[in-house]
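As the structure is a prediction and not an experimental result, all values here were calculated from the model. The figures here come from the full heavy-atom set of this structure, side chains too, leaving out hydrogens, waters and symmetry mates.
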Amino acid sequence: MLKTVVSETAKRLVVILFVVTGAFLLVRAAPGDPAAFMAGEAGSGDPAFIAHLRAQMGLDRPLPVQLGYYLRDLAALDLGQSYREGRPVFDMIAERLPNTLALAGAAFLLALVMGTAAGFLAAIHRGRLIDRLISIGSVLFFSSPYYWVALMAILLFSGKLGWFPSHGTQTIGAGYTGMRALADYLHHLVLPATASALFSMAIYARLVRASMIETANALFVKAAHARGMAPVWIWLRHVLRTSLLPITTMAGVQAGQLVAGTILTETVFAWPGIGRLMYEALGARDYNVVIGVFLVTSMIVILSNLVVDLLYRFVDPRTRAA
Amino acid sequence: MPIWKSLLSRPDAILALILLGAVVLAGVLAPLIFPGGPWRMVARPFIAPFTDMGHPLGTDALGRDLAVALIYGARTSLEIGLVSTCAAVLFGTAIGGIAGFFGGRVDSLLMRSTEMFQTVPSFALAILLVAIYSPSLLSIMAAIAVVSWPPVARLARAEFLSMRRREFVQAALLSGQSNLRVAWSQILPNVLSPLIVMAALMISMAILFESALSFVGLGDPQVVSWGYLISAGRGVMARSWWLTFLPGFSIMLTIVSISILGDAIGDSQDPHFERKETE
Amino acid sequence: MRLRTVICAVFAATVAMAAPISAQERGGSLKVALFPEPPTVVAGLSGLGSASIVSSKIYEALVTYDTDLNPLPWLATSWETSEDGLVWTFNLAEDAKWHDGTPFTAADVVTSYQVFSVENDRLKLISAKIDGVEAVTEHQVRFILKESIPSFIYMMNYGNLPIIPAHLYAAGNFRENPANATPIGTGAFKVADWEKGSYIHLVRFEDYRDGSRPYLDDLYFVTIPDAQGVAVAFEEGSVDVASASNLEGFDVARLSAMDGVERTNHGWEMLAPHGFMWVNTQKAPLDRVELRQALNYALDKDFIRDVVFNGLATPPRGAFDSRTKFFDAGVNAYAFDPEKARDLVAASGYDGAVLKLSTAPVGSAWARLAEYEVQAWKEVGINVELDNNDVGGYLKKLAERSYDLGNIYLYQYGDPSVGVTRNFYSFNDVPGSPWNNVGRYVNPELDALLTQADAVNDPAERAALYAKAQQIIADDAVQVWTAELQFPTLYRSRVRNLVTTALGLSDSFANVWVEQ
Amino acid sequence: MMTDPILDVRDLCVDLRGGSRIVEDISLSVTPGQTVCLVGESGSGKSMIANAIMDLLPGSLLAVSRGQIRFHGADLRLCGHRALRELRGRRISMIFQDPMSALNPVRRIRTQFDEVFSAHGVEPEGGREARMLELLELAHLPTPRRILDAFPFELSGGQRQRVMISMAMALNPDLLIADEPTTALDVTTQAQILQLIAELQRAFGTGVLFITHDFGVVAEIADRVVVLRHGKIVEQGPLDEILRAPRAAYTRTLIDAVPAWNPRAGGLSTPALVSARALGKVFKGGATALDEVSMDLLAGETLGIVGESGSGKSTLAKCLIGLEEPDHGGIVMDGTDITALPAAQKRLRRHRMQMVFQDPTAALNPRHMIGRTLADVLKVNGCARPDLRARALALLDDVRLDRRLIDRFPHELSGGQRQRVCIARALAANPEVLIADEALSALDVSVQKQMLALFQDLKEARDLAILFITHDLRVAAEICDHVVVMRHGGVVARGTPEAVLAAGRHPYVEELLAAIPGQDWFPAGGAAAARGAGRCAI
């Protein structure tokens, strides 16, 4: 087991190295001078400022050397400075990351639980009304841009009905503490989390349904029937459990995509996370921030993949042997 | 044609076909029906839908006809969806095919790289690409293709790999047919149907991707796209919700249609050929 | 030396505009919608309007201005100028303190000038004309000029010269000063906490120089990144104040019609945001005056006002905003005339080459404006394509002068010599900077005229010179003028004394109070 | 023997939903301690009958339309799902063909075994654990405790089937339905499993309904035989009667399909066409596939490679033909070691050896018509374009296929026809050597016989050397000039069939022989007499 953890982790490290190098080369390969890019809002294109930036970014050195420095800094968690705020990008991301993780985490759980439940219901009622409804629902959610769903949700639930707040993480100035503050946070979380979750939820529902129907045809399920087990138990203990394995892999991919997807949700709901940070940095051409968020997001994806892979090995005994 | 037959036997598929057909037709014919283009200001702003039959879906904040914009948006979405999907499918199939066919070191090298592309969050990467190379139809298509080829490659690899082990492929190789010929004439036709189903899915994803990019302000400014319309309508949502609702609804309908058709094609394809004897 | 006392009214104007003193209540909090979130709230560090809205609560300037642009005391309690206008003496508040307890002195003003004469683009332009600044006493500071600057008192505005503490900024690079991490000002409020992306929370500065002020306990600036969000937040009551610069025009009408909501158009007299378009006058075919005139004639400014800006604009007559001093209403403006535009296009020899209109994502009205312009020009036969950029890329295009046309709005700062004429001096065409003469306009006659007008003390003489300049600029169609923008402020009726000066929301808020 | 039947099926019909009748008017019965064999080829509907009895038919596709299924006199069709579920597993058990997929791959044996008890709320004396261990021991599983903790994939095929049988017998059922439980297993394992079932049946007095396609197995275990074809009963009766005097011609065919015991004596002494020299191959993970294997294939002979799964026989074939690279050793053809040749040279020689695979369905491109499949091969082997069709038709003649099949797709052909197409395709390359890798085992027994004859004819007509890979010693002994017996990647015996099977044979050969089922009726030179006597004593 330990060997697997080590080798899998090593594999991810290579991926991270690749992503970092890729991101680095991407910015360097972009048309134009990155220093001039970054001069943007603050620098007013002042040649002295650009020269200062060039030196600061080490652009006067040969490319491999630059990459070396870049990697070295990165190893020390130094993602560079935001020229716009003049602060370390790492700090800026660190202070917003909890919000993104809360949002993506809530969306992930919601999608996983609701999606699996829906897929389960649809599978056991295959061909009946409830299956049709769930199928239609999942096709609709799968097909809708979720930032649009988010906007519509604001229109309905914040605008018309006033049930949920439309922006931010808290009622500002309310001075809530303790449980009250948590409840307030959760109240703000409902719309963004649901809106982000719908797409993944639809994917899970479809996947769970398909996987369960396939598993339900497996011989061991028939064997369980032949053993006289109650159908409910067979669905739960044999079909669902076994069908969830492929979902685990999917969950790893989706968890990461959710983090990236928060760029949209956070923008719509004014949710102060790293997605919105990236969006705002994009507008201001604060490339260090953009790249920083990109790298952090990638790492979260890679990390969640790693966790899922290891989990999968743990859950599926067959892979453990291999 | 068995595909058509099976499509026409499903009411949902017929509906999807009609819808998608209408979208495609409108998109293709847009410049002929509305030669003035989507940006023309034709009436007073904020006409509500179904109130002025000259402008059935009403007008936007500048008095431009929303129906015309939606039709031109269809054109953009389809163009981007098709081109980027084609590029991704061709590239992905080539990479995956080579990996699956030859196996061994080539395979692990190609698949490791594919995996790397796949672990990077695709939306973030697309944003980065478009932002750095400045938004245009070309850069958007390229970015979408870049982030969407890995699943194709993986699918193609898996299919090629399993086909490569199939006995009819081995027999063909044994009979002296060249690798390329075997890959082309024996394997490719057999992996086409899962690839087609995947391509349908990818067109949907490409359309969603493009709309999301436009929404965050990274669309091609010369063309109208549904994502752009949503983002333009967003500011006036409280007053004229339909300006946001209708473009999103168009996306939804189009993608629902594509998904249904993709499912239907997927269902109709395999069993006929792949079915084993019943016992 | 005979001194002419200009003003010695302590706080009179503000009090005059406020409700009866007895009604003023202490306590309460105020929530102001703010976008974009400023990168910093240290005065003068960011050029963003939203940054100065927050920082002006924390820092102060020497003077502020009433809505007729008359200067009012702020950190300076009174000031005098010599007859020849070459010496300006400011008497400073004696009981002012920095948030860290250090007393405020004339040295702080000297340091601030030293910093911002380098860091501030507008101040930098006139710094050559200023011989020096000296602390006469602890509480008196004197500016000595080489030549007369009639607009000197407008140069002292908060945007140009906020006062920062000498004991923190005396040495080193301003932008990299570690003190930037913790803003320390003399203002009525100080920073309590800043949750990035959510809100900036300011609290009452207990040691503010005037015992009873400020009235508010807490001040929240709530970051809401889009117009729709601001509208919803204002509507549902989670913010008390919203500026129309963060709202869609029609929402302004809708929200100001709500019960318990007030609206004011004041507060922008100083800045006078003036919408126009840079035209790269040295790049063919835009070097043809006929084509530039055609660009102007082709735009329906009434349409822009009504549809693009939902009535929150005035059609401009030229380079001078009607709210700016020395604005000449008699200037020959470009009325909407597509026929004439078409003729001029033909006369210019324009061959149909595609021109690029550079824009930045600064709001949906601006996106609509650009789309309208492209379409309107298409109607008269000028082919223009949108070139969407993010803010940085847009400024880069301007700085490199690689643009053809570029929408923008600039503040005019009350006096044309501060905010307007700098855009036309041929020597202000400095590639690398996206500010000043970005249009690369070269006209020696105008240079001479403006130099004279900017230096003459006599208002009547200045008016005549500026009138002439305005006509030349208009005739030459140096720019395409689009709209004089209005940014009304919406607020709850229980909020009092919110906008009392020409600085609007970028004023101290020391007088603001809330009915409990 | 006049006990009441446990199971009594009367006039059972199964229909495709909204379609044709698949199973028609089946009547059969099983009494306690009796083994009834349901025999039939693929598509005869034998599994469907078993599923109908257990109420396990896929309800959306198939339904019992008529008839009675009486269990101890009560009609299962009328007793309701809940009552039926009570019976299943407790009083009627079932075991399946594929023991791998009949166990949930991701759960431990213990958990799955435990469900047998929990599903019926049974608490055996001494606790479940003890009972499970006891049952596994009864099934001759060596380390029951380890087995309980294992996952299915950690067990061998035979072990899994034993586990399945233990679970099936756990609650001491009256009836055991065994659906081809040994088909997926090696002969030696099959013999053990058959023995185990018989043993347990004796111990518990269970009635067994045993489904198979192999008359050898029938002869080994049945008390009573029901012969099924196209969903109808052809005939039924006691084993003796059926074997001795089958009334139906079809039954005769099935019985005749069991290979005769007829080891050939004289080998050829022609020069070697292909020789393997000390081939070695180790798979990733360390399993030895080939261990210093040497053999000669003589011109014009049939060489049998016999072995059970994992013996390395297929790897050997793949190495010879170039689908696998041996780790070391050489393959000599015409005096040159072809393993050392560059790839281009290898390809030039490819056509000289051709292969016929086990599964003809997988071996044909489903999207190519027969004509195209043949033409593709003819083309690369130098046939001019205008002649392609004529040559393809001639090939169909050679393999005795209707010429009209040339414009058909594989799925339109029967299994036997497809295998003939595969042979035709192999011939299209005009080879000198034909490798038949278990080429018969996926076919119905009646077809196997014809196919053997075809191989024999082709060999003579074309002067082919055939490398015949099989697990069936009897078949090899009957048709091959020489036989090589392999085990664990090595050669354990070689020579003419007679020599290999003569007295003093290798112990493994002995084991293989003994494992051949039904030797009472189909003698195979094994130790049949003694066991046969034992059976008669019941």
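- For A:Lys11, the part lying under 4.5 angstrom from a heavy atom of chain B is the side chain only.
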Please lay out, stage by stage, how B:Met116 and A:Val19 fare under the test side chain to side chain contact (heavy atoms under 4.5 Å, CB included).
-> CA-CA 7 Å; B:Met116 290 185 181; A:Val19 171; 5.8 Å; no
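- Taking a 6.0 Å sphere around CZ of B:Arg10, one finds it holds more than 12 heavy atoms contributed by other residues, nucleotides or ligands.
- Counting heavy-atom pairs under 4.5 Å between each of A:Ile302, A:Asn305, A:Leu264 and chain B puts A:Leu264 at the top.
- For a residue to count as touching a neighbouring chain, one of its non-hydrogen atoms must lie under 4.5 Å from one of that chain's; by this rule A:Ile263 touches chain B with the side chain only.
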After noting the C-alpha distance and the side-chain angles of A:Ser143 and B:Ser204, does the key distance pass the side chain to side chain contact (heavy atoms under 4.5 Å, CB included) rule?
-> CA-CA 8 Å; A:Ser143 305; B:Ser204 314; over 6 Å; no
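- Contacts between A:Val149 and chain B at a heavy-atom distance below 4.5 Å are absent for every atom of the residue.
- Most heavy-atom pairs under 4.5 Å with chain B, from the set A:Ile154, A:Val293, A:Ile300, A:Thr297: that is A:Thr297.
- For the residue pair B:Ser211 / A:Tyr147, a side-chain donor-acceptor distance below 3.5 Å is found, with atom types taken as modelled.
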Could you go through the side chain to side chain contact (heavy atoms under 4.5 Å, CB included) check for A:Phe294 and B:Val120 one step at a time?
-> CA-CA 9 Å; A:Phe294 174 72; B:Val120 178; 3.3 Å; yes
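- Put simply, OG on A:Ser144 and CD1 on B:Ile255 are 8.0 Å apart, with the number rounded to the nearest 0.5 Å.
- Interatomic distance, CD1 of B:Ile251 versus CH2 of A:Trp148, reported as 8.0 Å (0.5 Å rounding).
- When every heavy atom of A:Thr267 is checked against every heavy atom of B:Arg234, the shortest pair comes out as O-NH2, 3.5 Å.
- Two residues are said to be in side-chain contact when any heavy atoms from C-beta on lie closer than 4.5 Å; A:Ser298 and B:Pro121 meet this criterion.
- Between chain A and the options B:Ala212, B:Gly227, B:Gly217, heavy-atom pairs under 4.5 Å are most frequent for B:Ala212.
- Side-chain contact between B:Phe215 and A:Pro145 is absent, with no heavy atoms from C-beta onward closer than 4.5 Å.
- For chain A, no part of B:Phe209 is nearby; none of its heavy atoms comes within less than 4.5 Å.
- Of all heavy-atom pairs spanning A:Met278 and B:Ile127, the tightest one is CE-CG2, 4.1 Å.
- Using a 4.5 Å cut-off between heavy atoms, B:Leu218 touches chain A through its side chain atoms alone.
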Show the numbers, then the answer: is there a side chain to side chain contact (heavy atoms under 4.5 Å, CB included) between B:Thr244 and A:Met152?
-> CA-CA 8 Å; B:Thr244 313; A:Met152 294 297 122; 3.7 Å; yes
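- Between A:Tyr146 and B:Leu208 the shortest side-chain heavy-atom distance does not fall below 4.5 Å.
- Counting heavy-atom pairs closer than 4.5 Å to chain A, the top-ranked of the candidates B:Phe245, B:Phe249, B:Trp241 is B:Phe245.
- For a residue to count as touching a neighbouring chain, one of its non-hydrogen atoms must lie under 4.5 Å from one of that chain's; by this rule B:Leu201 touches chain A with the side chain only.
- A salt bridge links B:Asp263 to A:Arg206: one of the charged nitrogens lies within less than 4.0 Å of a carboxylate oxygen.
- Using a 4.5 Å cut-off between heavy atoms, A:Phe141 makes no contact with chain B at all.
- In terms of heavy-atom pairs under 4.5 Å with chain B, the best-connected choice from A:Val15, A:Leu151, A:Ile16, A:Val139 is A:Leu151.
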